[in-house]
Structure formats: structure tokens, C-alpha cells
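Single-structure report; data block below.
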Amino acid sequence: MYFHASTKAVILFEKWNIDSWQGMLGSCAVIFIIAALYEGLKVFREMLLRRSSVSVRYNTMPVPSQGNGANETCTMLSETHKTVGMKMISLPHFIQSLLHILQVVVSYFLMLIFMTYNIWLCLAVGLGAGAGYFLFSWKRSIVVDVNEHCH
């Protein structure tokens, strides 16, 4: 296998057969959108999970550092309230399971498209994923590891 820049390709299904540059351009646009929406799906699943199963609050408190004896302090997070878990037989878990199936199928489709080794299709997958990350991932919450020490 090798990378090539042909405008002829069959993508995923026998009916998705490209034989012109216009067809390649349209296919790249569709693949770009699918890859961007894939990134959005990942963020959407994370948001649903936060809403339905995990509620953690943290307080900050100053802690003197154990260093050179100077008056340096750092901030430490302490957990004050935690509700963890999701019932196995519940609507949120069922929805997460269906969305997980969709995410896996779309990710494999994008991988198979990339494995055509067509440069234009590979660019559509990569640029679409990048655009999707840019559009959707800024809404992600910042995850703070309470086990981390002062920085």
C-alpha cells in the first residue's frame, strides 16, 4: 500500500464510487463533516455523562510548601461532595451505550477511509477531525486530578 493522489476511489461501499475530481471534492466535503461531527459526538457523550452520573465539587485551600522553609504556599484541592455511579438499567446508561456504538462505528469508518491511502481522503479525515476539535472541544470541562501536588 502507498499514498496516492488519484481522483478515482471506492469509499466504504460499492455504490460510493468516485471517478472524477468533482466527485472527489464532494466526497472529501462529506468526510470532512463526518470527521468533525465525530469529534462533536465525543464531547456530547462526555457532557451527557457529566450531567447524568458524576457530580464532584472541590474546594481550594492554601497549604504551606515543604520546601526551603520560605513562606511559599501552594493551593491544594480537597473534595467536599461526591456522587458517583450510574445504574446499569437506566435511560442515561442506555443512551450512552447507543452513542458508544455509534462512536465506534463512525471511528472505524473513518479509519477505513484513511486506509484507502488516498491523500485527499486522508486530508479530509484529518482536517475534519481538527476542525471538529476546534469547534467542540473548547466546551470540555477542565479535569483536575486531586492527586496532583503543588505546581
Within one Ile-Leu-Val-Met-Phe-Trp-Tyr cluster: Leu112 and Met1, side-chain cutoff 4.5 Å: yes
Closest contact, heavy atoms only, Met24 versus Ala9: CE-CB, 4.4 Å
Step-by-step side-chain contact (heavy atoms from CB on, under 4.5 Å) determination, Asn118 to Ile11: CA-CA 10 Å; Asn118 185 298; Ile11 303 172; over 6 Å; no
Over all atoms of both residues, closest heavy-atom pair of Ala131 and Phe32: CB-CZ, 3.5 Å
Shared hydrophobic cluster for Val10 and Phe3 (ILVMFWY, side-chain gaps under 4.5 Å): no
Ile95 CD1 to His100 NE2 distance, which is reported to the nearest 0.5 Å: 15.5 Å
Min side-chain heavy-atom separation Leu37-Val106 under 4.5 Å: no
Leu48 side, atom CG; Leu41 side, atom CG - distance, nearest 0.5 Å: 9.5 Å
Path from Leu123 to Val30 over hydrophobic side-chain contacts below 4.5 Å: yes
Heavy-atom side-chain proximity of His4 to Thr116 below 4.5 angstrom: no
Common cluster, Met115/Ile34, ILVMFWY with side-chain heavy-atom separation under 4.5 Å: yes
Value rounded to 0.5 Å, distance of CG in Leu121 from CG in Leu12: 9.5 Å
Nearest non-hydrogen partners of Ala124 and Ala35, listed with the distance: O-CB, 4.4 Å
Trp120 side chain reached by Ile18 side chain, heavy atoms, under 4.5 Å: no
SG-CD1 distance between Cys28 and Ile113, expressed to the nearest 0.5 angstrom: 9.5 Å
Minimal non-hydrogen separation, Lys42 against Gln103, with atom names: CG-NE2, 3.4 Å
Euclidean distance, Tyr108 OH relative to Met111 CE, rounded to 0.5 Å: 6.5 Å
More than 12 heavy atoms from other groups under 6.0 Å of CD on Glu14: no
Common cluster, Val125/Trp16, ILVMFWY with side-chain heavy-atom separation under 4.5 Å: yes
Straight-line distance of Gln96 CD to Ile101 CD1, nearest 0.5 Å: 11.5 Å
Derivation and outcome, salt bridge (charged side-chain N to carboxylate O under 4.0 Å, His left out), residues Glu46 and Arg50: CA-CA 6 Å; Glu46 188 177 294; Arg50 269 194 323 272; 3.4 Å; yes
Any Leu110 side-chain heavy atom under 4.5 Å of Tyr38 side chain: yes
Step-by-step side-chain contact (heavy atoms from CB on, under 4.5 Å) determination, Lys8 to Asn17: CA-CA 8 Å; Lys8 297 180 187 221; Asn17 192 351; over 6 Å; no
